[in-house]
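Because only heavy atoms are used, hydrogens play no part in the values below, and waters and symmetry mates are left out as well, while side chains stay in. What you are looking at is a predicted structure, and each value in this text was computed from that prediction instead of being measured. First the proteins, then the strands, lettered A, B, ... as listed; each starts at 1.
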Number of protein chains: 2
Amino acid sequence: MAKRKPIPTNESRIPTMADVARIAGVSTSTVSRALAGLPPIPEETRQRIAQAAKEAGYAVNRHARSLRLKRSKVILVLIPNLANPNFPDLLIHIDRAAYDCGYDIMIAHTAIDPGRSDRYVDELLAGSIDGVLLTASYCPPRLLECIAAGRHLPIVRTLSPTPDLTGITAVQIDEVKAAYDVVDHLAKQGYKRIAHLGGPPKEIMAIARRKGWEKALADHGLSASPDLYIQSGFTMIEGQRAADEIRSRSELPDAIFCSNDESAYGLIAALKGHGLRIPQDIAVAGFDDLSFSAVMDPPLTTVRLPRRDMAERSIQKLKALIEDDADNDNTILAHELIIRASSLRS
Amino acid sequence: MAKRKPIPTNESRIPTMADVARIAGVSTSTVSRALAGLPPIPEETRQRIAQAAKEAGYAVNRHARSLRLKRSKVILVLIPNLANPNFPDLLIHIDRAAYDCGYDIMIAHTAIDPGRSDRYVDELLAGSIDGVLLTASYCPPRLLECIAAGRHLPIVRTLSPTPDLTGITAVQIDEVKAAYDVVDHLAKQGYKRIAHLGGPPKEIMAIARRKGWEKALADHGLSASPDLYIQSGFTMIEGQRAADEIRSRSELPDAIFCSNDESAYGLIAALKGHGLRIPQDIAVAGFDDLSFSAVMDPPLTTVRLPRRDMAERSIQKLKALIEDDADNDNTILAHELIIRASSLRS
DNA sequence: TAGGTTTACGCAATCGATTGCGTAAAGATG
DNA sequence: CATCTTTACGCAATCGATTGCGTAAACCTA
């Protein structure tokens, strides 16, 4: 129990392994091995060390460990827009899945300042974080450089479709098919003038959903005439604005497929404000199945994303990439069409 | 430019300061000082080092730095329930404010496993993270022990009212007063039977809002009779359930103050489903002012939380606590009553 | 009991950035 | 020109945990 090295005894020092070692009368090597449960430590010693650790109020220093192991057990999640419930809803599952794998998550919101994400790519390159989960199609320029340079990094993308860049593993649904299913459903209900509220024109997700709409219309012998396409965005405000534009058109559509639930919320609110009934006057469908969609008036027909699966598979892939470089092909998960009153012929 | 130390040249090593130093022909001390912009480095050398850093693709290793400085520039945000938009909406501003101060944020969702938060208190105690922001009234047991032991830790609580424990700085609104304002508004509209949809009975936030309701009723000479209190929760589902219970009561209330917007959403959806009109048959008000509340049908009267202020002040306080131990008294911020159609006498 | 094996542990290097202290070289002053 | 500053940098210790290697001591076997 004699002191080996002079350990300073300031009142409020953070306890280190050396403190535990001193209390237990062993070396730090032994403490480390005992706490990690490694082989040649007899039960009796292990107990004593555990007791000493508790007594000292010891907890490992994450940075010392990460520095030594060159692995931090931290992954970064880049989120484009937390205001869209889609992201927190996914984040719940990401958080859970990561926790179950022993990873902590750092988040960075890229809505205001997309350039911010470049800094985190540097963190990845510097070995400060183990992996990055992109929950949107936006890809930091610095990352593109690395991919172009043929570097192989632990990065997974999810929730949005793959743009035509390879080199980043993706976990996603078939967005075109999902949009197709919604429009197909509307067409089968007998709607003829099926409009589409398009998302941001350059957003890959929006492009895919539009493509699904066009495809389904074509397959049903309906036309995707320009007056049936309304340029909008992914927010409620833009959905509201779109309602005004629709009313200004010569002929109203009889159904509208919105590129996401949020714009559908805004659209429906505005249409109702103008005295139109949903679905009697105009049927509406969305995309995402946010939790509110089930209880709104009327309940909204939409596409349910397999958020939990997406999160779990993404984390699983990321873990694989971090730990052994394998498992880097894309995954397509099944979506589900949720049919509710907003799209049903009365 | 001669090599000083044998630096291994594996193809894909992560560049370190030593690499930069070698390229620039200086020592790591100089690199460190140059990159940090510290005094005695002439511009010419600084340039050369910056160039070398870029050439090497260098970025500092967060863990090495944190270990040395005993400061990580990471704060942890504990979030009870990401499914309630209140939290992501606050998180947006927390993320932003933290970023502006040079902090990164880690998040931990405590909905499923509250015991999880204890681990993060250990991280704080071990010096692995710099501070903790609690966005709910739940307080990890381990933390209570520390406070009881008189330890002074960088922790700030926000978004929920303070329970009767001192020792943790809080940034919040006057929940009782805010609830009072809502009910006061309803009473001034002429409503007489003003019911309250209470949140989880042991939740401090729910208790405060109930208290505000009772106080306002008393001040208006109205009674808070037991049949006007409906036990519910903070979710849409529970709001829906509450609607059924209300209809089973002998006499309907003419106004209902819900303990949050989400339960109001569920309640309104269910009441409308039963053919009741809002506000003609029953007025409804909520609490939180989630973004959806402005566009729903009818738009919901509610209390707007100063989320941005809360986030900024919280981070500011946390920063102060981390950096110099000062600024540890509570802050009460102003709320705002948002009056919309759901509570207006027609 | 000599020689061999196993068990239980310690020593010291290592991870990468930071920084107090020291010191040549350049410049300033008398 | 001798002495004193100032400038510009390098050396080496440090932060705390991990781990390869080494080694006493205990245990076994012939």
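At a cut-off of 3.5 angstrom, the base of dG10(C) holds at least one donor-acceptor pair with the side chain of Arg33(A).
Looking at Leu143(B), Val77(B), Thr158(B) one by one, the single match for side-chain contact (heavy atoms from CB on, under 4.5 Å) with Leu134(B) turns out to be Leu143(B).
Residues Tyr58(B) and Asp122(A) have side chains that never bring a donor and an acceptor to within less than 3.5 angstrom of each other.
Where Leu69(B) and Thr28(B) meet DNA chain D, the nucleotide closest to each residue was compared, and Thr28(B) sits on the side nearer the 5' end.
OP1 or OP2 of dA17(D) has at least one side-chain nitrogen or oxygen of Tyr58(A) nearer than 4.0 Å. Here Lys70(B) reaches the OP1 or OP2 of dG16(D): one of its side-chain N or O atoms lies under 4.0 Å away. The shortest distance between the side-chain N/O atoms of Thr30(A) and the OP1/OP2 oxygens of dC9(C) is not below 4.0 Å.
Residue pairs that meet the ring pair (Phe, Tyr, Trp, His ring centres under 6.0 Å) test with at least one member in residues 61-81 of chain B, sequence neighbours left out, are His63(A)-His63(B).
Rounded to whole Å, atom C1' of dT7(C) lies 13 Å from atom CZ of Arg46(A). Per the geometry, CZ belonging to Arg71(A) stands 16 Å off C1' belonging to dT19(D), to the nearest Å. Atom NE2 of His63(A) is separated from atom P of dA17(D) by 12 Å (rounded to the nearest Å). In this structure, Leu67(A) places its CG atom 9 Å from C1' of dG16(D), rounding to the nearest Å. In this structure, Glu44(B) atom CD and dC9(D) atom C1' are separated by 13 Å, rounded to whole Å. Rounded to an integer number of Å, the gap from CZ of Arg22(A) to P of dG10(C) is 14 Å. The CZ-P distance, from Arg62(A) to dC15(C), rounds to 22 Å in whole Å. Rounded to whole angstrom, the span from the CZ atom of Arg68(B) across to the P atom of dA17(C) amounts to 13 Å.
Listed nucleotides dT19(C), dT18(C), dG10(C) differ in distance to Ser29(B); the shortest reach to its side chain belongs to dT19(C). For Ser32(B), whose side chain is taken as the heavy atoms from C-beta onward, the closest listed nucleotide among dC15(C), dG10(C), dT19(C) is dT19(C). The nucleotide whose nearest atom lies closest to any side-chain atom of Thr45(A) is, among dA17(D), dC9(C), dC9(D), dC9(C). Comparing dC9(C), dT18(C), dA17(D) by their closest approach to the side chain of Met17(B) singles out dT18(C). Listed candidates were dA17(C), dG16(D), dG10(D). Nearest to the side chain of Thr16(A) is dG16(D).
Taking a cutoff of 4.0 Å between a charged side-chain nitrogen and a carboxylate oxygen, Asp95(A) and Arg116(B) qualify as a salt bridge. Salt-bridge formation is not detected for the pair Asp130(B)/Lys319(B): no Lys NZ or Arg NE/NH1/NH2 atom is positioned less than 4.0 Å from an Asp or Glu carboxylate oxygen.
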